There are 2 protein chains.
Amino acid sequence: MAHDPDQSSRGVHADAHRHAIDADAVQSRARAYATSKGLPFTAMRQRVLALLAASGKPMAAYEIAEKLSDARRVQAVQVYRALEFLQEAGCVHRLASQSSYFACDHLHGNGETVVFMVCSQCGAVQEAASDLVARGLRGVAKTTGFKPLHPIIELEGECADCTSEPVR
Amino acid sequence: MAHDPDQSSRGVHADAHRHAIDADAVQSRARAYATSKGLPFTAMRQRVLALLAASGKPMAAYEIAEKLSDARRVQAVQVYRALEFLQEAGCVHRLASQSSYFACDHLHGNGETVVFMVCSQCGAVQEAASDLVARGLRGVAKTTGFKPLHPIIELEGECADCTSEPVR
DNA sequence: TCCGAGGTGTAATATTATGACATGGCGCCT
DNA sequence: AGGCGCCATGTCATAATATTACACCTCGGA
């Protein structure tokens with residue numbers, strides 16, 4: 001995917017009422033990852049990803065297990081296994097601030113620094129890459145001799161939708 | 001606690017990566033907060049804070065409960081209550097990436113944006129405020145109309161000590 | 001054909017966090 | 001002094017999140 005090296009940030013499309021993710025796109029990315037690793041993109045993995053994509057919002061692992069349960073009960077551990085695969089594939093991220101998981105729109109290149117903006121009203125998550133943030137982080141790391149490997153950047157706040165029209 | 005006779009030719013052992021913080025300073029900050037709120041700085045709160053300060057590293061709540069237990073068993077819920085107070089006082093932070101808690105060196109003003117750098121080798125945490133990161137975050141938020149309230153910024157990586165001489 | 005890697009289904013357990021409730025101290029008011 | 005409100009405590013219970021263990025299955029090579 002093309003970068004904007006000139007811009008300090010790349011905004012997420014501000015579609016106010018988009019709550020779902022492009023399921024096909026994310027699914028083919030997962031499939032591509034599976035193929036590249038010689039691993040199967042199994043039914044369980046597809047089901048978890050499809051559910052998250054359709055939801056468009058973060059879900060707890062047990063919540064996923066519940067939704068996927070029909071005649072047969074889906075156990076949490078099965079969901080965690082699928083989530084692990086999907087996270088490695090870059091199709092799903094974990095929100096550390098609330099121990100939940102969500103499907104991710106876009107491909108994150110190499111060491112791209114992504115900010116998750118989590119709305120405390122409606123729960124929606126937006127992602128945005130920011131070169132400025134990335135440089136800032138490299139900066140503080142450098143001054144302390146710290147070698148950063150994996151950044152976790154989450155903003156809790158209120159999304160545009162909820163600011164303009166307060167919830168229920 | 002553990003004291004090793006110096007055996008390494010370089011004179012450094014695992015504890016070298018430990019950065020205990022100024023217990024008196026952090027305690028007086030907690031006390032000041034308590035006074036300002038008209039709340040007591042109780043024995044339990046002091047014990048939890050003192051333990052975290054002495055440790056200098058993040059601890060899980062149950063680990064704290066364990067260490068504080070003597071004849072009487074300290075229950076996790078008591079620790080969580082103390083931690084809640086100490087977090088409000090700004091003396092303790094929670095590491096979302098690992099659900100652990102650590103005592104904090106310095107006073108964070110108003111909306112200061114602080115980065116936690118967590119060493120995956122030795123577990124130590126360093127803090128640094130970055131204006132550049134803060135501006136980057138405001139930037140991405142602005143482009144999406146997101147109103148940021150509380151940022152969580154954690155860098156997992158390797159601290160200077162561990163880069164130069166790995167623990168164990 | 002056999003073997004091995006990886007997945008599944010199931011049970012059990014570990015870890016993290018909160019809810020509910022009775023009790024006790026302490027300041028404050030009358 | 002007596003009563004009241006507020007807050008913290010101690011204790012039990014439970015919710016929510018996450019992992020370990022193990023037997024079995026299935027596919028694709030050697």
Side-chain angles (χ1 to χ4, degrees), chain A residues 30-31 33-49 51-52 57-89 92-102 118 123 152 154, chain B residues 30-31 33-52 57-89 91-102 118 123 152 154:
Chain A
R31 195 180 303 277
Y33 172 82
T35 311
S36 80
K37 291 286 184 180
L39 300 176
F41 185 41
T42 63
M44 195 62 187
R45 288 163 183 180
Q46 293 179 40
R47 292 174 71 195
V48 170
L49 181 56
L51 178 58
L52 282 176
K57 288 186 183 176
M59 298 179 72
Y62 276 79
E63 194 184 348
I64 296 171
E66 180 114 6
K67 300 268 191 213
L68 291 184
S69 291
D70 41 31
R72 236 192 188 68
R73 175 95 197 145
V74 173
Q75 301 294 332
V77 66
Q78 305 175 260
V79 173
Y80 281 109
R81 291 195 283 230
L83 288 173
E84 182 180 358
F85 171 89
L86 294 168
Q87 286 176 266
E88 279 160 12
V92 164
H93 299 300
R94 178 176 190 270
L95 274 187
S97 57
Q98 51 189 59
S99 298
S100 63
Y101 303 82
F102 66 100
V118 188
I152 296 177
E154 299 176 17
Chain B
R31 195 180 303 277
Y33 172 82
T35 311
S36 80
K37 291 286 184 181
L39 299 176
F41 186 41
T42 62
M44 194 61 187
R45 289 163 182 178
Q46 293 180 41
R47 291 174 72 196
V48 169
L49 182 55
L51 178 58
L52 282 176
K57 288 184 183 178
M59 297 180 71
Y62 276 78
E63 194 184 348
I64 296 171
E66 180 115 7
K67 299 270 192 213
L68 292 185
S69 292
D70 40 32
R72 236 194 189 66
R73 173 95 198 143
V74 172
Q75 301 294 331
V77 68
Q78 306 175 259
V79 173
Y80 281 108
R81 290 195 283 231
L83 288 172
E84 183 179 359
F85 172 90
L86 294 168
Q87 286 177 266
E88 278 160 12
C91 297
V92 163
H93 299 300
R94 177 176 189 270
L95 273 187
S97 58
Q98 54 189 59
S99 297
S100 63
Y101 304 82
F102 66 99
V118 187
I152 296 177
E154 299 176 16

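If you're wondering where the values come from, they're calculated on a predicted model, not measured in any experiment. Order of the sequence lines sets the chain letters (A, B, ...), proteins ahead of strands, with each chain counted from 1.
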Identify the heavy atoms of [X] and [Y] that sit nearest to each other, and give their distance.
{"X": "F85(A)", "Y": "A30(A)", "answer": "CZ-O, 4.3 Å"}
{"X": "A34(B)", "Y": "P40(B)", "answer": "CB-C, 4.2 Å"}
{"X": "V48(B)", "Y": "A82(B)", "answer": "CG2-CB, 3.8 Å"}

4.5 Å side-chain heavy-atom contact, M44(A) and V74(A):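 Yes - at least one pair of side-chain heavy atoms lies under 4.5 Å apart.
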Side chains of R73(B) and E66(B) in contact at under 4.5 Å (non-hydrogen atoms): yes
Euclidean distance, atom CZ of residue F41(B) to atom C1' of dC7(D) [Å, nearest integer]: 16 Å
Interatomic distance where CG belongs to L68(B) and P belongs to dG10(D) [whole Å]: 11 Å
Test: R31(B) cationic atom under 6.0 Å from F41(B) six-membered ring centre, within 45° of axis: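 Judged by the rule (NZ or CZ under 6.0 Å from the ring centre, within 45° of its axis), R31(B) is not positioned above F41(B).
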Validation row, ring centre H93(B) to ring centre F102(B) under 6.0 Å: yes
Between the protein and nucleotides 15-17 of chain C, list every N/O to N/O distance that falls short of 3.5 Å.
from	atom 1	to	atom 2	distance (Å)
dA17(C)	OP1	R94(B)	NE	3.3
dA17(C)	OP1	R94(B)	NH2	2.3
dA17(C)	OP2	Y80(B)	OH	2.9
dA17(C)	OP2	Y101(B)	OH	3.2
dA17(C)	O5'	Y80(B)	OH	3.4
dA17(C)	N7	Y62(B)	OH	2.9
dA17(C)	N6	Y62(B)	OH	2.9

Which atom pairs link the protein and nucleotides 7-11 of chain C when you take only N or O atoms and keep those under 3.5 Å?
from	atom 1	to	atom 2	distance (Å)
dG7(C)	OP1	R45(A)	NH1	2.9
dG7(C)	OP1	R45(A)	NH2	2.7
dG7(C)	O5'	R45(A)	NH2	3.2
dT8(C)	OP1	T42(A)	OG1	3.1
dG9(C)	OP2	Q78(A)	NE2	2.7
dG9(C)	N7	R81(A)	NH2	2.6
dG9(C)	O6	R81(A)	NH1	3.1

Among L95(B), I64(B), L52(B), the one residue meeting side chain to side chain contact (heavy atoms under 4.5 Å, CB included) with S100(B): L95(B)
